[in-house]
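Structure first, commentary second.
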Amino acid sequence: GVLRLLLQRGAKLHSSKELNGGATALMIASSMSTCGADDLRALLRAMRGRGGAVDEEDGSGRTALWQACRWGHTEAVRVLLRDGGAEASP
């Protein structure tokens with residue numbers, strides 16, 4: 001998909017606190033209904049290869065798992081918990 005193409009072309013995975021409220025690519029992808037499980041897994045692999053953390057927080061303390069839950073994306077929640085090792089803490 002588009003996400004894989006962007007990753008192959010070297011898209012940035014991390015965001016500064018000044019851009020998008022500090023949201024990472026994983027947070028944005030987890031909030032989108034059009035991002036499927038395979039794309040999320042590809043993003044997780046790319047993040048690990050570049051030192052990213054699945055539980056990284058944005059400027060408001062939200063994580064990718066929070067975003068997926070907030071928008072009701074159950075498949076993203078499953079991927080983040082099973083494949084990404086996200087922490088399911090209150």
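- Thr24 OG1 to Glu57 CD: the interatomic distance, rounded to the nearest 0.5 Å, is 11.0 Å.
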Show me the donor-acceptor pairs within less than 3.5 Å that the side chains of residues 29-37 make with the rest of the protein, sequence neighbours left out.
{"unit_1": "Ser30", "atom_1": "OG", "unit_2": "Leu26", "atom_2": "O", "d": "2.8"}
{"unit_1": "Ser31", "atom_1": "OG", "unit_2": "Ile28", "atom_2": "O", "d": "2.7"}

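- By the salt bridge (charged side-chain N to carboxylate O under 4.0 Å, His left out) test, Arg78 pairs with Glu75, sequence neighbours left out.
- Scanning both residues, Arg48 and Asp83, for their nearest heavy atoms gives NH2-O, 2.7 Å.
- Residue Arg82 qualifies as open at atom CZ: its count of foreign heavy atoms under 6.0 Å is 12 or below.
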Under 3.5 Å, sequence neighbours excluded: what are the donor-acceptor pairs made by side chains of residues 62-70?
{"unit_1": "Arg62", "atom_1": "NE", "unit_2": "Asp58", "atom_2": "OD2", "d": "3.2"}
{"unit_1": "Arg62", "atom_1": "NH2", "unit_2": "Ser60", "atom_2": "OG", "d": "3.4"}
{"unit_1": "Thr63", "atom_1": "OG1", "unit_2": "Leu65", "atom_2": "N", "d": "3.4"}
{"unit_1": "Thr63", "atom_1": "OG1", "unit_2": "Trp66", "atom_2": "N", "d": "3.2"}
{"unit_1": "Gln67", "atom_1": "OE1", "unit_2": "Trp71", "atom_2": "NE1", "d": "3.4"}

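- In this structure, Met27 CE and Leu80 CG are separated by 10.5 Å, a value rounded to the nearest 0.5 Å.
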